[in-house]
Number of protein chains: 2
Amino acid sequence: MTLREIAELAGVSPSAVSRYLNGGSLSAAKYEAIDKVIKETGYVPNQVAHDLRTGRVRQVGILVPKIHSKSVSQVVEGAHEVLAEAGYMTVLGSLEHAPDSVGRYLDWMQAYHMAGAIVMAANDADVRNGTYKNCDIPLVVTGQHFKDCNCVYHDDFNAAKDLTKLLLKKGRTRIGCVSAPKTDPAVGVGRIEGVKAALWEAGFTPAPPTVISDFHMESGYEAMQQLLADHPDLDGIFCATDSMGQGAMMALKESGRRIPEDVSVVAFGNDWANQVSSPQLTTAELYQTQCGRDAASILLDILEKGSEPSYTRQIMLGYRIMERGSV
Amino acid sequence: MTLREIAELAGVSPSAVSRYLNGGSLSAAKYEAIDKVIKETGYVPNQVAHDLRTGRVRQVGILVPKIHSKSVSQVVEGAHEVLAEAGYMTVLGSLEHAPDSVGRYLDWMQAYHMAGAIVMAANDADVRNGTYKNCDIPLVVTGQHFKDCNCVYHDDFNAAKDLTKLLLKKGRTRIGCVSAPKTDPAVGVGRIEGVKAALWEAGFTPAPPTVISDFHMESGYEAMQQLLADHPDLDGIFCATDSMGQGAMMALKESGRRIPEDVSVVAFGNDWANQVSSPQLTTAELYQTQCGRDAASILLDILEKGSEPSYTRQIMLGYRIMERGSV
DNA sequence: AATTGTAATGAAATCGATTGCAAAAATCTG
DNA sequence: CAGATTTTTGCAATCGATTTCATTACAATT
């Protein structure tokens, strides 16, 4: 069923049908005739032809490091919510099985003339080699702060600082860290900087002993064992993510230490698992869903309100400390 | 930059450029000339125009009840993996903020002439009112079994039966259930049927006391309290999902019962939280990622191999019982 | 009744690719 | 080397919409 066929059936010109669909001056008689034919035939306009002619594609790409992860799925959910509301489709691109394909995905999205894209920046390598710059659709980066680039990110620094202050307030003075790979600037670097800042302000000058782990619970478990082997007297542990925090708690309990009597533990993410572990794990909650919503809103601002695209918008989101039994 | 401009710059006809892009007889000299111009200008063919002309859109829609959920994100991940590999984009549609819009999404996907769609059927209302039937792009339904419909689903019945047999093997004879709403045929009905079948075969004729809960931990907690109020002597609890299982364990512990000494608990889903709770929760793991992969593969079979579309394919996936401390 | 302004109408061009077809060029026969 | 065969080539039509523009119809004004 094409627009032309509808026009013939209704005895009008194609232009009239187009005006029926998109609004334009049309006599009541013709309107009715077209309406009737369309209802009868169940005609649906070909969106591809529409998009080609108008040059506007109501699709937004979202690039993520992987899909099945709490923070990622929350950001996607937030973005989808806002985009769907505004009539845009969300097109997914995951880097999990093709880690170096940010450029390929962006090319693809440009080829489709998509309205814009949201990029969850897991690492900043692509920013350094300029993948984002020479892209002629509007982009918003999430989870990481970059100069000259629309972005929505979390206050990892202060959240980590507050968690550390909480450890100090509980009388902990020998703090150790289970960190994440440095390739992730926000998680692997920013959070540890927050810890250091809190310790520095409290007068503890040497940097805290830190072991780098790779996000998983098992790896957090091993990292904790290593920390304990080198520094058996630690009494406060900062973990960069919840799963590593849970792994660390396992190692601590296994070593005979009591939480929080002997050691306090804090982590990051507010996963629901933290409520079922014993003790419950104290964490900082980041507003991931809001992050996705805000990224989408920025995009819509650029697309719909036609606001200055060269002006870069940056949004830093807050956090919430969830104090639980582990401190 | 359009194909025509490239043709002019290279001094050839548009057809030649098209042949360069899509493969077709072309002299070496012309090939080189076009290649040079394309490399210099960074030309990317307009995919929308391509799709309009060929009538083939390399996009597949995936309809989900919500995005941020373990099982959903796993299915999406599996589907995306297979689709991306085959050169298709994954377009997301979530029903969370527009519960009744399965039809609207399908219309949208048809308007875009997408290659196909994967539908995670959270409830079967849409099947009953035929939303899926009068859709002229190929569909694959996941998570639920339907006649005359491509689908990939789990063996909820036997998984639940095996979990129940495990309870029986541990000497539990007074079994209670925390179930899910009946609007979800697989989770809310199929799993309980499995429990009943196991009990029946073991000679326990009366149906087990069952309270319906709505998936969340809090609601599982309340359901368990109610079960205990009505049947204080229960010694084995079957929960239809992990989160409800964790809620149930909380209620049991709070009532002073010891797990697994006084009561055994089993649930469904193998969430990682089950490893950090104490005791660790025994569950059945379903292969959600595989479910997504299989759904995508069925679609690709229909699209690429052009296999009989009227022939419906049905795949039932297995499961794995993860026995842990809660039994 | 003549004039002016506004609303309605459809023919034709356009978006940016692909493709059938006939003509031209190159290659292969004997 | 003429003739048959195959490979290259570009013109023009096409996919299914939108949109400009010139024209017609109609109502309002003087």
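Below, each value reflects all heavy atoms present in this structure, side chains not excepted, and no hydrogens, waters or symmetry copies. Residue numbering restarts at 1 for every chain, and letters A, B, ... go by the order of the sequence lines.
- Applying the ring-ring contact (aromatic ring centres under 6.0 Å, His included) criterion to B:Y153, with sequence neighbours excluded, gives B:H145.
- We find that NE2 of B:H113 is positioned 11 Å from C1' of D:dA17, with the value rounded to whole Å.
- The interatomic distance linking A:M1 (CE) with D:dG16 (P) rounds to 11 Å, in whole Å.
- Side-chain nitrogen and oxygen atoms of B:S13 include at least one within less than 4.0 Å of the OP1 or OP2 phosphate oxygen of D:dG10.
- Computed from coordinates, the B:E8 CD to D:dC11 P distance equals 11 Å when rounded to whole Å.
- Evaluation of the salt bridge (Lys or Arg N to Asp or Glu O under 4.0 Å) rule for A:R293 yields A:E81 as partners, not counting sequence neighbours.
- The shortest heavy-atom contact between A:M114 and A:I137 is O-CG2, 3.4 Å.
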Extract from the structure each pairing of a protein N or O with an N or O of nucleotides 22-26 of chain C at less than 3.5 Å, listing the distance.
none

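- Applying the side chain to side chain contact (heavy atoms under 4.5 Å, CB included) rule to A:E5 yields the partners A:M1, A:T2; only residues at least two apart in sequence or on another chain are considered.
- The side chain to side chain contact (heavy atoms under 4.5 Å, CB included) test applied to B:L9 returns B:V37, B:T41, not counting sequence neighbours.
- Mapping A:L3 and A:R19 onto DNA chain D by nearest heavy atom places A:L3 at the nucleotide closer to the 5' end.
- Across the helix from C:dA1-D:dT30 to C:dG30-D:dC1, the helix axis at one end is tilted relative to the axis at the other end by 30° (nearest 10 degrees, each axis from five pairs).
- Residues passing the side-chain hydrogen bond (donor to acceptor under 3.5 Å, both in side chains) test with B:T90: none are found, sequence neighbours excluded.
- Put simply, OH on A:Y112 is 14 Å from C1' on C:dG16, counting in whole angstrom units.
- With sequence neighbours left out, B:E96 forms a salt bridge (Lys or Arg N to Asp or Glu O under 4.0 Å) with no residue at all.
- Remark: A:Y20 engages A:Y31 in a ring-ring contact (aromatic ring centres under 6.0 Å, His included) (not counting sequence neighbours).
- Relative to the side chain of B:S15, the nucleotides D:dG16, D:dA12, C:dG10 differ in distance, and D:dA12 lies closest.
- Residue B:R53 has its side chain nearest to D:dC15 when only D:dC15, D:dG10, D:dA17 are considered.
- Residues meeting the side-chain hydrogen bond (donor to acceptor under 3.5 Å, both in side chains) test with A:Q47, sequence neighbours left out: none.
- Ionic pairing of A:R4 and A:E8 is not present here: no N-O contact between side-chain nitrogen and carboxylate oxygen is shorter than 4.0 angstrom.
- When the P atom of D:dA17 is taken as reference, atom CZ of A:R56 falls 18 Å away, rounded to whole Å.
- B:E5 places its CD atom 13 Å from the C1' atom of C:dA17, with the value rounded to the nearest Å.
- The salt bridge (Lys or Arg N to Asp or Glu O under 4.0 Å) analysis of residues 41-62 of chain B, with sequence neighbours excluded, yields no pairs.
- Shown for residues 20-51 of chain A: residues whose heavy atoms fall under 4.0 angstrom of DNA chain C, namely A:S25, A:L26, A:S27, A:K30.
- Along DNA chain C, the nucleotide nearest to B:L52 and the one nearest to A:V12 differ in position, and the one closer to the 5' end is contacted by A:V12.
- Distances shown here put every side-chain N or O of A:T2 at or beyond 4.0 Å from the OP1 or OP2 atom of D:dG16.
- Side-chain N or O atoms of B:Q74 include none that pairs as donor or acceptor with a backbone N or O of B:T289 at under 3.5 Å.
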